[in-house]
2 protein chains.
Amino acid sequence: MAKRRAVIFAAGAAFRRRGYHNTSMVEIARSLGLSKAALYYYVKSKEEILFECHIMVYAAMDEAVKSVKGKGEDGLDKLSLLYSEFARLLTRDGLALLADVDSLKGEYRDTVMARRAAIERAVTRLVKMGMKDGSIKKADAKITVFFFMGALNWLNVWYEPGGRISGEAIAEQFVAQMRNGLAA
Amino acid sequence: MAKRRAVIFAAGAAFRRRGYHNTSMVEIARSLGLSKAALYYYVKSKEEILFECHIMVYAAMDEAVKSVKGKGEDGLDKLSLLYSEFARLLTRDGLALLADVDSLKGEYRDTVMARRAAIERAVTRLVKMGMKDGSIKKADAKITVFFFMGALNWLNVWYEPGGRISGEAIAEQFVAQMRNGLAA
DNA sequence: CATAAATTCGACCCTTGAGTCAAATTTATA
DNA sequence: TATAAATTTGACTCAAGGGTCGAATTTATG
């Protein structure tokens, strides 16, 4: 069902632009040339759409984690590769971290939080590895991780696809600044 | 009117915890032992509360910008001082950047966006100064700025006042990571 | 006290927007 | 083309929540 994905994407784009609660189902429908009722043929609820938006990103991030497995010399190196993947990912395909986790309830919320925690664990693992092998300066791992993960989340707010700055450029510079910030 | 500030603070705390749209006026009122109607004696609308929350932070940031004027040797130095102030500020006093700018409309929105832009300009100015005087590595200034400003905005999501990690520790490590990331 | 001013409240109004449903329309398929 | 399946819709229901209002209550103040 490709149309379902189209709905999720259209909604995601709108959520990113105006926020989850400031986007009505009617607006999403109109942006696809449909009526609201038709949306509910593809989707169970508005919350489900938000959920899928989040999951889509975490799925891609999991993929990225897998794709850099085995690559890279030391912790810092591995981390750089992964971070670069993340930056690329989030400036492409209309994928983007949403901030409205608070609007998810119950199972939806739990699942998303768990997926986010898993990503954070994967990143933290690399950071700690780097601290052990001497490639990353010793410091509080949590602060370290959240410092540069924040930059990724902040992308939603300012990055405009097709604008002056390419996702490629962002990825490169973000990695450089992270590397230099953490290198021992 | 100190009670008005109490309302803004209580609301701000709730907004941060559960999000603007997931917090009802009744809940805010209850958290202060008041009825909803009583709230409207101190406040014009829910939107005004959100507006004040934002302004409060930007006022403090403006203050910080002023407080570091004239201090510091070079661009990187000045930037570090300012960034440290920012980090301290946002982990104190219940102050915190909110993400719900999208929920503000008209004048409110314009004002907040303008204030944010002003802060960004101040920071960007220092970055460019640093690139000129050789203390900061040359790179795209916008990407540079948003990289570490993102970390500050991400604080809302994970920082818990009174938790294991102190605001002081965050400020220190954030500054260190920013410095190393940017130093020429 | 008495009276004015400052607060607070219960009850109400009203809009917005999510979600439903039976019927209509379009698109396969035999 | 007849019939079933897949889509789409207009019209509706319903609850949540922001905001208002006149009355009640509490707190100054002369």
Side-chain angles (χ1 to χ4, degrees), chain A residues 1-56 98-109 111-112, chain B residues 1-56 98-109 111-112:
Chain A
M1 233 192 242
K3 199 88 173 256
R4 180 182 155 93
R5 282 180 55 94
V7 170
I8 314 267
F9 268 90
F15 292 166
R16 233 164 288 129
R17 211 182 1 266
R18 296 192 299 282
Y20 176 67
H21 288 284
N22 303 312
T23 306
S24 73
M25 290 298 270
V26 180
E27 289 172 319
I28 297 171
R30 219 182 1 242
S31 83
L32 289 163
L34 288 178
S35 73
K36 176 170 65 160
L39 244 47
Y40 284 88
Y41 179 74
Y42 297 101
V43 138
K44 201 148 58 57
S45 68
K46 191 184 179 188
E47 197 181 352
E48 193 200 46
I49 299 184
L50 181 60
F51 174 75
E52 292 287 6
C53 287
H54 275 97
I55 290 303
M56 223 165 249
L98 269 317
D100 311 271
V101 206
D102 304 308
S103 305
L104 292 171
K105 295 168 189 70
E107 187 112 8
Y108 284 143
R109 183 192 177 80
T111 305
V112 166
Chain B
M1 232 191 243
K3 200 88 173 257
R4 180 182 154 94
R5 282 180 55 94
V7 170
I8 315 266
F9 270 89
F15 292 166
R16 233 164 288 128
R17 211 180 2 264
R18 297 192 299 282
Y20 176 67
H21 287 284
N22 302 313
T23 306
S24 73
M25 290 298 270
V26 180
E27 288 171 319
I28 297 171
R30 221 184 359 244
S31 84
L32 290 162
L34 287 178
S35 73
K36 175 169 66 161
L39 243 47
Y40 284 89
Y41 179 74
Y42 298 101
V43 138
K44 203 149 55 59
S45 67
K46 190 183 180 189
E47 197 182 353
E48 192 200 44
I49 299 184
L50 180 60
F51 174 74
E52 293 288 6
C53 287
H54 275 98
I55 290 303
M56 223 164 249
L98 269 318
D100 311 270
V101 207
D102 303 309
S103 304
L104 293 171
K105 294 169 191 70
E107 188 111 8
Y108 285 143
R109 184 192 176 80
T111 305
V112 166

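Here is the naming used below: chain letters follow the sequence lines, and residue numbers restart at 1 for every chain. Values reported hereafter were calculated over all heavy atoms of this structure, with side chains retained and with hydrogens, waters and symmetry mates removed.
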Where do [X] and [Y] come nearest, in terms of heavy atoms and distance?
| X | Y | value |
| --- | --- | --- |
| B:T23 | B:K46 | O-NZ, 2.7 Å |
| B:D102 | A:R18 | CB-O, 3.3 Å |
| A:L104 | A:H54 | CD1-ND1, 4.0 Å |
| B:M25 | B:I49 | CE-CD1, 4.0 Å |
| A:F51 | A:V112 | CD1-CG2, 3.7 Å |

Practice prompt. Please name all residues satisfying salt bridge (Lys or Arg N to Asp or Glu O under 4.0 Å) with B:E47, sequence neighbours left out, ordered by chain then number.
Written response: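 With neighbours one apart ignored, the set is empty.
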Worksheet item: Can you name the salt bridge (Lys or Arg N to Asp or Glu O under 4.0 Å) partners of A:R4, sequence neighbours left out?
Response: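 Partners of A:R4 under the salt bridge (Lys or Arg N to Asp or Glu O under 4.0 Å) test: A:E48, A:E52.
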Donor-acceptor contacts, no H, no angles, side chain residues 30-42 of chain B, under 3.5 Å, sequence neighbours left out:
residue	atom	partner	partner atom	Å
B:S31	OG	B:I28	O	2.8
B:S35	OG	B:A38	N	3.4

Please list, for nucleotides 23-25 of chain D, all pairs of protein and nucleotide N/O atoms separated by less than 3.5 Å.
none

Worksheet item: In residues 6-22 of chain A, which residues come under 4.0 Å of DNA chain C by heavy atom?
Response: none
Worksheet item: Hey, can you pull the residues of residues 34-46 of chain B with a non-hydrogen atom under 4.0 angstrom from DNA chain C?
Response: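 Close to the strand are B:L34, B:S35, B:A37, B:A38, B:Y41, B:Y42.
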N/O donor to acceptor pairs below 3.5 angstrom from side-chain atoms of residues 9-16 of chain A, sequence neighbours left out:
residue	atom	partner	partner atom	Å
A:R16	NH1	A:G94	O	3.1
A:R16	NH2	A:G12	O	3.4
A:R16	NH2	A:G94	O	2.9

Worksheet entry | Boundaries of the chain A footprint along DNA chain C (any atom under 4.0 Å from a heavy atom) |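 Terminal contacting nucleotides, 5' to 3': C:dA18 to C:dC21.
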Fill in: Distance (rounded to the nearest 0.5 Å) between A:E27 CD and A:N22 CG
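It comes to 8.5 Å.
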Fill in: Contacts of type side-chain contact (heavy atoms from CB on, under 4.5 Å), residue A:D100, not counting sequence neighbours
A:Y20, A:L50, A:L98, A:S103
